[in-house]
Amino acid sequence: MRHVDELIARMTLDEKIGQLNMITANFVITGPTIAGDSTEGIRAGLIGNMLNLWGAEAAHAVQKLAVEESRLGIPLLLGFDTVHGQRTIFPIGPAEAGIFDEQIWESTARQAAIEAAEDGLNMVFAPMLDIARDPRWGRLAEGPGEDTYVAQRIGSAKVRGFQGSDLSAAESVVATVKHFCAYGAPTAGREYASVDISERTLREVYLPPFEAAVKAGAAAIMPAFNDVAGIPMTAHRYLLRNVLRGELGFEGVLVSDYNAIAELLNHGVAADLAEAAALALKAGVDIDMMANAYSKGLPEALRRGLVSMPEIDASVRRVLSLKERLGLFDDPFRRGRKVSLTVSGDSPSRALARDVARHSIVLLKNDGLLPLTMERRRIALLGPLADARSEMNGPWSAAGQASDPVTILEGLSSALPDCDIICEQGVSLSEEDRSAIPLALEAARSADIVILAVGEGARMSGEAASRSSPGLPGCQQEFVDAVLDLGKPTIVLLSAGRPLLISSIVERASAVMATWWLGTEAGNAIADILVGRFNPSGRLSVTWPRELGQVPIFYAQRPSGRPANTDDHYTSKYLDIDVTPLFPFGYGLSYGNFTVENLRLESGSVPVDGQIIMSVDVVNNGGVPGEETIFLFLRDPVASVARPLLELKRFAKARPAPGERSTVRMTLPVSDLAFPGLDLTCAVEPGEFEVCVGTSADPKQLLRTRFRVTSGGGDQISHS
Ligand code: BGC
């Protein structure tokens, strides 16, 4: 810290603002280059950080410029969107979330950190922890799905994976947790639109994942683009300063989103860049990503008395301290010293990618056609995603190459060398061209079995990819219908960044699998499931709607005063469709057959400072080894504020051998039952609770039992 203070004492105002400035690199066809105008800016100390520049050589060149040619020689933060992988691309967020395994979540972040650091980076803009409950919003594809508890667990696993135990290590990078907060609840699912939610929902649903990431040591956080009830997050003093820094204890660096400070003018809360810069700085935003609002606006804001020098210094101190923690002052070239990686066929990162990808696949329907047996000799593999290499990388391919992924055709061909596989696209991803349909139908007619690879293009989800009606794009639905009309045994593979509206396909196809975007090893992972080399175990991290009219849809709804009842007109339901989802949260089939039974608690009565210990038996009735995910939900039937119908509190895996039973035991401290009460203070309210345990959030299959929390004196216990 002394070093940092000494540096600050020697800095000019321009150099201080330079440390708060982050500028993007230019790209040429062969990769990133230092933007022409950044070179002079770095030399002059006006650009202290960059994004979008990767590759050891480029990173070292720019770092050298900063260290050797700027007056104070301060190294740069070099950040990049390593959202689901750096060179090796792993499955997208909601797919990986559906594995429900912290070790896996951490391992992909670790591998991504190693690769990012080998690419000379010291910061990633990840993990993305935005809860998403509306599939119109394209960024559902980047995040942890719909559930707060899952997002908490992913948040801490990812921070551990990216940052390691020592941030200064050559293989550690800063995790920038994003987007703080409630970005996933924009009006009508429209990207960048306003969010208007209650403080209770913020505290119950959207803040806890960030709190978990802060507790795990997250060194940076990115405020979201959106406003919350009229206050843009980039300028949200209450949420950033009082809540994030004050209550949650975040001491790291706040990095604005891309150009977000300048966009305060569009939001209508600042008249010029000086006002915008002052609003953001006073809210505690340290680094201005790409708006040049601090460099252009802060000197004027200082003149007008809108900000003070100590406020600027506080941000500079946080940025320099982070550089110090990263070990950049000791050795700015530590990262990127190893020779660049490849993701060649036999690299260990590919093995990890394949394993994670096959764990992510969710088997939604199977009438017994899967797994494929070797007797099927002729397979028609149809659809725009059958042989679509670059699409497999999904929306944030970072430094992953378009040529790296294994296609579905390749995966299947190597898994079934003796089968005759005819591949026809039939239709494109989104165009209305029907001319190739007859050829594809011909192929289907001649085959024993049809596999349809349909869905979205990688850029149809992710940022700025809201869709008003997320069904199959273009004329894919028509194509699928025509294939299904042939009456052949048909498997549908759905690649997409969100749940798609596919009710009729699920009704008619023999088997359906959600294959999301699986990354570098997509084709092999899909083939592993199709041929039964791997027993599917992926589960849905998001509730899957039947129809668009059901969104936002999520399992943790609050009860209605008039619960749905088809026999009673005046109840909470739809006249035209069933109120239930197509598939509930947690849903997913396997090739086995598990049953869950014998739910029991260690005690029916627990004091507020005690813990609930639950056990349940899982029986493998099938003939194959496999894995079942057990969810422990909680229901607080009577409380001062209506509680959700179900709240996920724990999950665990069971792997009983065929014909065997295993016991799953989960422990829950009573303090985990705390919630924001009438005055928004978090506390446990003693009384009766229900434990609901099962393999998904489908209320019909949950085992339930009750317990009582007894007060140890007063009526409530505070939860810090
Ligand atoms: C996105 C962020 C991303 C940033 C830098 C923005 O448009 O919202 O998630 O980290 O760009 O690429």
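Just the heavy atoms: all of them, side chains too, but no hydrogens, waters or symmetry mates, feed the values below. All residue numbers in this chain count up from 1 along the given sequence. Start at 1 and go down the list; that is how both ligands and their atoms are numbered.
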Using distance only, find each side-chain donor-acceptor pair of residues 249-263 under 3.5 Å and give its atom names and separation, not counting sequence neighbours.
residue: Ser256; atom: OG; partner: Met289; partner atom: N; Å: 2.9
residue: Asn259; atom: ND2; partner: Glu263; partner atom: OE2; Å: 3.2

Mind checking whether [X] and [Y] have parallel, tilted or perpendicular rings, split at 30° and 60°?
X	Y	value
His236	Tyr238	tilted
Phe100	Phe585	perpendicular
Trp54	Phe80	tilted

Subject >> Flag if over 12 foreign heavy atoms under 6.0 Å of CD, Glu57 >> reply: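 Counting other residues, nucleotides and ligands, CD of Glu57 stays at 12 neighbours or fewer.
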Original post:
Under 3.5 Å, side chain of Ser295 to main-chain N/O of Asn292, donor-acceptor pair present?
Top reply: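 Yes; at least one donor-acceptor contact below 3.5 Å.
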Subject >> ligand 1: protein residues within heavy-atom distance under 4.0 Å >> reply: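 Shell around ligand 1 (4.0 Å, heavy atoms): Leu51, Asp81, Phe125, Arg139, Lys178, His179, Met222, Phe225, Asp257, Tyr258, Met289, Glu463.
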